[in-house]
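Contents: one structure, followed by commentary.
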Amino acid sequence: LLYLTRAAIPDRNFDQLNYHITISERALRGVPFIEGDYFPGGLFTVHPASQMIMALFRHLLGYRAGTLANLFVALWTAKILHKYLAGEAVSIKMKWFLVLLIISSEYFLMEINSYLVDLLSIPLLLEAVWLISNIESIKNKNYYAIHIVFLLGMAIALKLTNLAFVIPILAFLALTLRKTTIRFSMKTVVVSISVFLFPIIPYSIYMYMQTANPLFPFYNEIFRSPYWPLSNFRDLRFLPKNAIELILWPVIAFMHPERVSEIPFYSGRLALTFGPGK
């Protein structure tokens, strides 16, 4: 219902119009860079996988309806969240109400009508955590260990900043295995590492061959590509700047939503109670 209230409004966000469309169209046709390019900065992205997914929906359904990709992701996420509540002693209606409450928070409902790609990896991360939490009750543990790390590898391919979630999830997996008697064969370990890297490595190799930086243009202070300044990009507009702000961040974020994201109308608020801001 909330998706339909904004379905007729085309996505006009700055990132989409200025470089997401170009990145996705180039990627669908082969490679990000073509002969004759003047190395435009708007084409740079760590991995175009998420943009390609959105572009496929856009080509199949048209520009306005292409955002259905995010609506499907929201429904997929809701289904996974329902699995988390499977053992709770509450009614079916209450479980789905709790799922709706979770889905209604922050940016989720705002982004279902846009081509922003942040939602795509959420079900992958949630499914990985659920599998780890239930790995003792799963029969084919070798298969599901490979499944878990593949989900995490795909999440990184969809957006590099998902490393902030993938690293703790891998630590959770390691701690879970340490507390149990589960032991995996060397074959499973090798295959797990391979499938984790598979979604990431091919594009990284291509970028290294083109620019000498597999994560171009990020972390160039480390890789030192001649095509970009020798610096590591950091957006100083957001997040805590020191230890005191880190401790007081919940209060600061509420009083200064512009420090949380580029869309302060939503930051720290329930998206269910706000319009599209346009």
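The first residue of the sequence shown is numbered 1, and numbering continues consecutively from there. For clarity, every value in this text was computed on a predicted model and none was experimentally measured.
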Open item on the list: Check the orientation of H82 and W96. Use parallel for under 30°, tilted for 30 to 60°, and perpendicular for over 60°.
Closed with: parallel

Task: Chi angles and distances behind the side-chain contact (heavy atoms from CB on, under 4.5 Å) call for I148, I132 - done: CA-CA 8 Å; I148 290 166; I132 295 170; 3.7 Å; yes

Task: Audit row: F196, F150, side-chain contact (heavy atoms from CB on, under 4.5 Å) steps and yes/no - done: CA-CA 5 Å; F196 178 76; F150 183 53; over 6 Å; no

Task: Exam field: side chain N213 to backbone S225, donor-acceptor pair closer than 3.5 Å - done: no

TODO: Please round to the nearest 0.5 Å and tell me the distance separating atom CD1 of I23 and atom CG of N18.
DONE: 10.5 Å

Open item on the list: If you count heavy atoms of other groups shown closer than 6.0 angstrom to CD1 of I244, is the number above 12?
Closed with: no

Open item on the list: Classify the ring geometry of F216 against Y227: parallel below 30°, tilted from 30° to 60°, perpendicular beyond 60°.
Closed with: perpendicular

- [ ] Kindly indicate whether the side chain of M207, heavy atoms from C-beta on, has any atom under 4.5 Å from the side chain of P214.
- [x] no

TODO: Side-chain contact test, heavy atoms from C-beta onward, threshold under 4.5 Å: evaluate it for Y143 versus T188 and give yes or no.
DONE: no

Task: Heavy-atom closest contact (A65 atom, Y3 atom, distance) - done: O-OH, 4.0 Å

Open item on the list: Could you check whether atom CZ of F97 has more than 12 heavy atoms from other residues, nucleotides or ligands sitting under 6.0 Å from it?
Closed with: no

Open item on the list: Testing the basics here: between S192 and V195, what is the closest heavy-atom pair and its distance to 0.1 Å?
Closed with: O-CG2, 3.2 Å

TODO: Taking salt bridge (Lys or Arg N to Asp or Glu O under 4.0 Å) as the test, write out the residues that go with E245, two or more places apart.
DONE: R259

- [ ] Can you measure from CD1 (I53) to OG (S24) and round to the nearest 0.5 angstrom?
- [x] 11.5 Å

Task: Criterion side-chain contact (heavy atoms from CB on, under 4.5 Å) on I9 and R12, from CA distance to verdict - done: CA-CA 9 Å; I9 304 172; R12 300 189 298 268; 4.0 Å; yes

TODO: Show which residues join L56 in its hydrophobic cluster (side-chain heavy-atom contacts under 4.5 Å, direct or indirect), or state none.
DONE: L28, M52

Open item on the list: Measuring from atom OG1 of T77 to atom CD1 of I102, what distance do you get when rounded to the nearest 0.5 angstrom?
Closed with: 11.0 Å

TODO: Evaluate the side-chain contact (heavy atoms from CB on, under 4.5 Å) criterion for residues L120 and N70: first the C-alpha distance (whole Å), next the side-chain angles of each, then the deciding distance (0.1 Å), finally the verdict.
DONE: CA-CA 7 Å; L120 297 180; N70 270 338; 4.0 Å; yes

Task: Rounded distance [0.5 Å steps], OG1 in T22 versus CZ in R26 - done: 7.5 Å

Task: Closest approach of N220 to P217 (non-hydrogen atoms, all atoms of both residues) - done: CB-O, 3.8 Å

Task: Check: Y63 main-chain N/O paired with Y115 side-chain donor or acceptor under 3.5 Å - done: yes

Task: Stepwise side-chain hydrogen bond (donor to acceptor under 3.5 Å, both in side chains) check, T67 with R58 - done: CA-CA 7 Å; T67 56; R58 188 164 63 247; over 6 Å; no

Open item on the list: Same cluster or not: L100 versus I92, using hydrophobic residues (I, L, V, M, F, W, Y) connected whenever any side-chain heavy atoms lie under 4.5 Å apart?
Closed with: no

Task: ILVMFWY network linking L230 to Y219, side-chain heavy atoms under 4.5 angstrom - done: no

Open item on the list: With side chain to side chain contact (heavy atoms under 4.5 Å, CB included) as the test, pick out the partner of S121 among L158, V166, V73.
Closed with: L158

Open item on the list: Between R29 and E25 (side chain of the first, backbone of the second, donor and acceptor by atom type, cut-off under 3.5 Å), is there such a pair?
Closed with: yes

TODO: Identify whether M54 and L61 are in the same connected component of the hydrophobic contact network (ILVMFWY, side-chain heavy atoms under 4.5 Å).
DONE: yes

Task: Nearest non-hydrogen partners of A128 and L151, listed with the distance - done: N-CD1, 3.9 Å

Task: Candidate list L124, L126, L119, L81, test side chain to side chain contact (heavy atoms under 4.5 Å, CB included), partner W76, passing option - done: L124

TODO: Report yes or no: does H47 contribute a side-chain atom to a donor-acceptor pair with the main-chain N or O of P199 at less than 3.5 Å?
DONE: yes

- [ ] Without swapping roles, check the side chain of K95 against the backbone of A86 for a donor-acceptor pair under 3.5 Å.
- [x] yes

Open item on the list: Test side-chain hydrogen bond (donor to acceptor under 3.5 Å, both in side chains) on N13 and D15; report intermediate values, then the result.
Closed with: CA-CA 6 Å; N13 80 72; D15 293 354; over 6 Å; no

- [ ] Quick one: closest heavy-atom pair of A155 and L125, and the distance?
- [x] CB-CD2, 3.8 Å

Open item on the list: In this structure, is the centre-to-centre distance between the rings of F14 and Y19 below 6.0 Å?
Closed with: no

Task: Spacing of L131 atom CG and I169 atom CD1 [to the nearest 0.5 Å] - done: 11.0 Å

Open item on the list: Return the CD1 to CD1 distance between I122 and I103, rounded to the nearest 0.5 Å.
Closed with: 7.5 Å

Open item on the list: Are W130 and L175 connected into the same hydrophobic cluster when the rule is that any two of I, L, V, M, F, W, Y join if their side-chain heavy atoms are below 4.5 Å apart?
Closed with: no

Task: Atom NZ of K241 with >12 non-hydrogen neighbours under 6.0 angstrom - done: yes

- [ ] Taking Y203 for its side chain and P48 for its backbone only, find out whether a donor-acceptor pair lies under 3.5 Å.
- [x] no

Task: Considering all heavy atoms, the nearest L215-F223 contact - done: CD1-CE1, 4.2 Å

Task: Check: R6 side chain, N113 main-chain N or O, donor-acceptor pair, under 3.5 Å - done: no

TODO: Indicate yes or no for a side-chain donor-acceptor contact from T211 to the backbone of Y208 under 3.5 Å, with no hydrogens or angles considered.
DONE: no

